[in-house]
*Asks:* 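If you scroll down you'll find the structure; I have some questions about it.
Keep in mind it's a predicted model, so treat the numbers as computed, not measured. Lettering follows sequence order; numbering is per chain, from 1.
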Amino acid sequence: MDPFSTHTGIGVPLRRSNVDTDQIIPAVYLKRVTRTGFDDGLFHAWRQQPDFILNIEPFSRGSVLVAGPDFGTGSSREHAVWALMDYGFRAVIASRFGDIFRGNSAKAGLLAAEVAQPDVELLWKLLENDPGTEVTVDLTEKTVHARDLTVPFLIDDYTRWRLLEGLDDIGLTLRHADDIATFETTRPRRLPTTS
Amino acid sequence: MGASRTLAEKVWDLHLVRRGKGSEPDLLYIDLHLVHEVTSPQAFDGLRLAGRPVRRPDLTLATEDHNVPTTDVELPIADPVSRTQVETLRKNCAEFGVPLYPMNHAEQGIVHVVGPQLGLTQPGTTVVCGDSHTSTHGAFGALAFGIGTSEVEHVLATQTLPLKRFRTMAVNVNSADGTLRPGVTSKDVVLAMIAQISTGGGQGYVIEYRGNVIENLSMEARMTICNMSIEAGARAGMIAPDETTFAYLKGRDRAPSGAAWDEAVAAWRELRTDADATFDAEVHIDGDALTPFVTWGTNPGQGVPLGERVPDPARIVDEHERVAAEKALAYMGLEAGTPLREVAVDTVFVGSCTNGRIEDLRAAAGVIKGRKVADGVRMLVVPGSMRVRFQAEEEGLDAVFRDAGAEWRSAGCSMCLGMNPDQLAPGERSASTSNRNFEGRQGKGGRTHLVSPLVAAATAVRGTLSSPEDLADGSA
Ligand code: SF4
């Protein structure tokens with residue numbers, strides 16, 4: 001995973017709440033066995049509508065998505081994160097995220113920045129009044145800036161550290177391989193196995 | 001033993017490989033990792049790239065479910081992309097030594113039906129799967145939750161997961177005598193709960209379902225409730241194991257036997273929230289007030305009792321919810337104020353990991369027996385696993401469904417998510433026993449009403465959203 005410290009790109013206001021991962025990428029696009037190539041499935045149903053935000057210049061070139069509350073609820077599909085990243089998004093801003101989506105973002109290197117809803121509204125207005133406005137998401141400072149607006153965002157310290165360092169979770173866990181082996185010796189023998 | 005703890009905290013502590021320092025997450029051991037074809041290929045690829053083996057193939061089990069067709073199951077899968085995905089799973093399992101139940105195997109089925117019926121899902125264990133409805137397994141007092149593909153790779157490689165502690169929520173469901181009214185099922189309980197706390201209400205929580213109504217439910221009914229915890233945003237749902245749990249497990253293939261059984265039951269009895277433990281949040285549901293519930297919108301929180309009307313968005317105060325309701329009604333093709341009982345459907349789907357177990361099929365068959373599926377309505381009955389299918393066929397339920405004019409299928413996820421050919425056409429409307437009414441979930445442009453198996457069967461007979469009591473007057 002590449003380290004993430006700050007990203008600047010066109011902000012895309014998505015005025016929808018409860019955007020579930022089925023909307024982000026429908027199931028029929030999940031049949032690929034690769035980790036890339038999901039951009040054509042992103043928001044597939046909505047992209048059929050000419051007035052959908054990503055069909056409008058310059059939003060179609062956006063890389064910071066500013067969405068309504070409860071973004072990424074529902075299915076655990078990490079493909080939702082991959083589709084956003086394949087399209088070009090590097091950060092998603094919302095006041096609340098689905099738990100699994102938030103975790104998946106952290107693993108794949110997409111920044112899920114939790115911004116208070118009143119601040120999301122300010123960002124929406126700014127981006128709508130002036131399409132093409134660039135938004136900077138600064139992970140070091142935990143702030144979002146656009147024009148003269150600067151608002152804070154929340155992210156847990158551990159995820160922030162991992163993103164800043166670009167660290168891979170499995171590698172981190174394997175530093176504790178001895179602890180895992182020790183734990184395994186204490187598991188009751190009655191526990192089931194699959195083989 | 002220190003401070004008093006909830007059930008979820010006890011199970012957590014039993015699996016602590018390493019306590020995180022400072023902001024670091026805890027490292028938890030995983031007892032059972034279920035795998036399916038959709039969310040695993042990239043994880044196996046990751047292992048291959050890094051040259052890592054699967055640490056515990058003997059704690060890992062794969063099944064084919066999401067993509068599999070439910071007709072012509074003896075033939076190769078017609079859709080080449082689905083076929084590739086299923087074949088990739090087979091190759092990966094062979095290469096990494098992971099046990100697999102492929103299509104047509106007697107143990108094949110939806111992951112969340114397979115684990116419990118084998119007795120693999122046990123009280124006090126940790127269960128994960130690259131699928132959000134892993135919460136189903138919490139019905140046994142397991143800590144069970146869905147994970148993304150990167151986490152699937154993590155568990156394959158290390159049999160552990162780094163996790164932040166969840167908050168705890170109690171959902172108390174009580175009624176005067178611990179029962180629900182006739183025609184009201186655990187599906188109605190959970191739909192009502194989600195409508196009450198909203199789809200985001202459970203975010204960050206593990207829910208524990210408690211109360212006399214829960215205690216009186218069968219294991220399968222409990223699984224239906226825990227299954228849909230994720231639709232309230234919760235990562236997991238749990239129910240403390242009790243005699244019902246032990247009776248269900250006793251004698252199952254992978255359940256302990258002999259002295260190990262006694263030892264296990266003694267340990268399982270400890271798995272209860274301490275009397276003086278506190279939850280971070282508590283919710284109460286009046287079991288006596290519950291009636292059959294249906295969704296009208298495009299998320300599982302947009303539901304009301306079947307006896308009500310399609311709500312009027314103009315009356316919703318919260319702006320986001322109002323806009324969401326307007327969009328939902330437009331998508332669903334519904335007018336505010338329409339009695340839900342007048343909403344006509346094209347398709348009825350009975351199945352999924354929510355309601356595709358034998359009791360669900362018995363309930364639906366009980367309603368439809370001797371009646372006919374209404375003209376112009378298609379009814380699909382898809383057992384959750386091959387075992388459920390064989391059991392139903394032994395009981396003659398397949399004949400009941402077929403005689404009524406329904407289609408009897410083989411096991412899989414089917415129309416729950418429309419990854420296989422079982423899909424709604426654009427604009428088609430379904431009454432579905434599955435768990436998600438999201439836009440396009442059952443097929444692009446499809447409109448889904450979530451219901452219980454009883455409501456599904458009654459709806460098939462009348463052609464409009466109905467409960468079994470609507471059939472009593474001879475209108476069928
Ligand atoms: S039945 Fe539906 S919800 Fe359950 S695992 Fe299959 S697709 Fe997911």
Side-chain angles (χ1 to χ4, degrees), chain A residues 15-18 20-23 26-28 30-35 44-45 68-70 73-79 81-82 96-101 103-104 106-108 117 156-158 160-161 169-174 176-177 179-180 182-184 187-195, chain B residues 17-18 23-25 27 29 31-32 38-39 41-42 45 57-61 67 81-82 84-85 88 99 119-120 122 125 130-132 146-151 153-154 157-160 162 164 199-200 203-204 233 235 254 256 260 263-264 299 320 324 417-419 436 438-441 444:
Chain A
R15 276 194 187 261
R16 287 188 181 248
S17 56
N18 243 307
D20 58 73
T21 53
D22 274 75
Q23 302 320 310
V28 288
L30 310 186
K31 297 183 185 183
R32 281 199 189 97
V33 295
T34 55
R35 230 177 220 273
H44 184 260
D70 296 315
T73 53
S75 159
S76 63
R77 57 189 71 164
E78 195 163 318
H79 312 69
V81 173
W82 303 337
R96 286 202 309 244
F97 292 95
D99 285 336
I100 305 180
F101 178 86
N104 287 343
K107 309 284 169 183
Q117 189 59 32
D156 82 80
D157 291 342
Y158 183 75
R160 174 168 165 271
W161 170 73
D169 257 351
I170 298 180
L172 287 174
T173 295
L174 287 175
H176 307 297
D179 292 332
I180 301 173
T182 307
F183 182 89
E184 281 176 331
R187 296 178 72 236
R189 293 174 56 107
R190 63 177 159 78
L191 287 172
T193 59
T194 57
S195 47
Chain B
V17 170
R18 189 175 171 274
S23 71
E24 237 186 324
L27 192 62
Y29 200 80
D31 292 317
L32 176 62
V38 180
T39 55
Q42 298 85 356
D45 263 354
D58 61 327
L59 301 182
T60 312
L61 178 67
N67 270 284
V81 200
S82 287
T84 302
Q85 200 165 57
T88 303
L120 276 172
Q122 295 182 12
T125 57
D131 188 284
S132 58
I147 56 179
T149 298
S150 295
E151 290 171 308
E153 183 181 338
H154 195 115
T158 70
Q159 203 59 32
T160 63
K164 288 263 164 187
T199 53
Q203 263 169 31
R235 200 64 190 274
R254 302 300 165 110
E263 184 199 313
N299 73 56
H320 290 286
L417 89 167
M419 250 184 122
R436 288 191 172 136
F438 297 155
E439 288 182 22
R441 170 80 177 182
K444 201 170 153 195

*Asks:* Answer with side chain, backbone, both or neither: which region of B/Ile147 has an atom nearer than 4.5 Å to a non-hydrogen atom of chain A?
*Replies:* backbone
*Asks:* Looking at residues at least two apart in the chain, or sitting in another chain, which of them share a side-chain contact (heavy atoms from CB on, under 4.5 Å) with A/Lys31?
*Replies:* B/Asn67, B/Asp79, B/Val81, B/Ser82, B/Gln85, B/Met419
*Asks:* Against chain A, label B/Thr88 side chain, backbone, both or neither, depending on which of its atoms sit under 4.5 Å from a heavy atom there.
*Replies:* side chain
*Asks:* Donor-acceptor pair, distance only, cut-off 3.5 Å: does the side chain of A/Gln23 make one with the backbone of B/Glu439?
*Replies:* yes
*Asks:* Considering only heavy atoms, which portion of A/Asn18 lies under 4.5 Å from any heavy atom of chain B: side chain, backbone, both, or neither?
*Replies:* side chain
*Asks:* Using non-hydrogen atoms only, which part of A/Phe97 is less than 4.5 Å away from chain B: side chain, backbone, both, or neither?
*Replies:* backbone
*Asks:* Look only at the side chain of A/Glu78 and the backbone of B/Thr149, and say whether a donor-acceptor pair between them is shorter than 3.5 Å.
*Replies:* yes
*Asks:* Would a distance-only check, ignoring hydrogens and angles, find a side-chain to backbone donor-acceptor pair under 3.5 Å from B/Arg235 to B/Gly146?
*Replies:* yes
*Asks:* Is it the side chain or the backbone of B/Arg254 that comes within 4.5 Å of chain A heavy atoms, both, or neither?
*Replies:* both
*Asks:* With a 4.5 angstrom heavy-atom cut-off, could you sort out which part of B/Thr125 is near chain A: side chain, backbone, both or neither?
*Replies:* side chain
*Asks:* Backbone N or O of B/Asp58 within a donor-acceptor pair of the A/Ser195 side chain at under 3.5 Å?
*Replies:* no
*Asks:* Between B/Glu153 and A/Lys107, does any NZ, NE, NH1 or NH2 come within less than 4.0 Å of an OD or OE carboxylate oxygen?
*Replies:* no
*Asks:* Determine the option with the most heavy-atom pairs under 4.5 angstrom with chain A, choosing from B/Thr60, B/Leu32, B/Asn299.
*Replies:* B/Thr60
*Asks:* Where does B/Asp45 contact chain A at under 4.5 Å (heavy atoms): side chain, backbone, both or neither?
*Replies:* side chain
*Asks:* Measuring heavy-atom distances to chain B, does A/Asn104 have an atom under 4.5 Å in its side chain, in its backbone, in both, or in neither?
*Replies:* side chain
*Asks:* Counting only heavy atoms closer than 4.5 Å, note whether B/Pro99 contacts chain A via side chain, backbone, both or neither.
*Replies:* side chain
*Asks:* Between B/Gly130, B/Gly204, B/Ser132, which has the largest tally of heavy atom pairs under 4.5 Å with chain A?
*Replies:* B/Ser132
*Asks:* What part of A/Trp161 lies closer than 4.5 angstrom to a heavy atom of chain B: side chain, backbone, both or neither?
*Replies:* neither
*Asks:* Would you mind checking which part of A/Arg15 comes under 4.5 Å of any heavy atom in chain B, side chain (CB onward), backbone (N, CA, C, O), both or neither?
*Replies:* backbone
*Asks:* Checking B/Lys164 side chain against B/Ser23 main chain: does a donor-acceptor pair fall under 3.5 Å?
*Replies:* yes
*Asks:* Using a cut-off of under 4.5 Å for heavy-atom pairs, which of B/Thr199, B/Thr39, B/Thr84, B/Leu120 has the most such pairs with chain A?
*Replies:* B/Leu120
*Asks:* What part of A/Phe183 gets closer than 4.5 Å to chain B, counting heavy atoms only: side chain, backbone, both or neither?
*Replies:* side chain
*Asks:* If you count heavy-atom pairs under 4.5 Å between each of A/Leu172, A/Thr21, A/Ile100, A/Asp157 and chain B, which one has the most?
*Replies:* A/Ile100
*Asks:* Are A/Glu184 and A/Arg189 close enough for a salt bridge, meaning some N to O gap below 4.0 Å?
*Replies:* no
*Asks:* For a quick test of reading the model, state the closest non-hydrogen atom pair linking A/Ala27 to A/Arg77 and the distance between them.
*Replies:* N-NH1, 3.5 Å
*Asks:* Relative to chain A, which segment of B/Leu27 carries a heavy atom at a distance below 4.5 Å: side chain, backbone, both, or neither?
*Replies:* side chain
*Asks:* Looking at A/Thr73, A/Asp156, A/Asp169, which one has more heavy-atom pairs under 4.5 Å with chain B than the rest?
*Replies:* A/Asp169
*Asks:* For A/Ser17, check side-chain contact (heavy atoms from CB on, under 4.5 Å) against everything at least two apart and list the hits.
*Replies:* A/Pro69, B/His320, B/Ala324
*Asks:* For chain B, which candidate among A/Thr173, A/Thr182, A/Asp70 shows the most heavy-atom pairs at distances under 4.5 Å?
*Replies:* A/Thr173
*Asks:* Are any of the side-chain nitrogens in B/Arg441 or A/Asp20 under 4.0 Å away from the carboxylate oxygens of its partner?
*Replies:* no
*Asks:* Say whether, by atom type as modelled, one donor and one acceptor occur between the side chain of B/Gln122 and the main chain of B/Gly119 under 3.5 angstrom.
*Replies:* yes
*Asks:* So which residue, B/Gly418, B/Pro57, B/Gly148, ends up with the most heavy-atom pairs under 4.5 Å with chain A?
*Replies:* B/Gly148
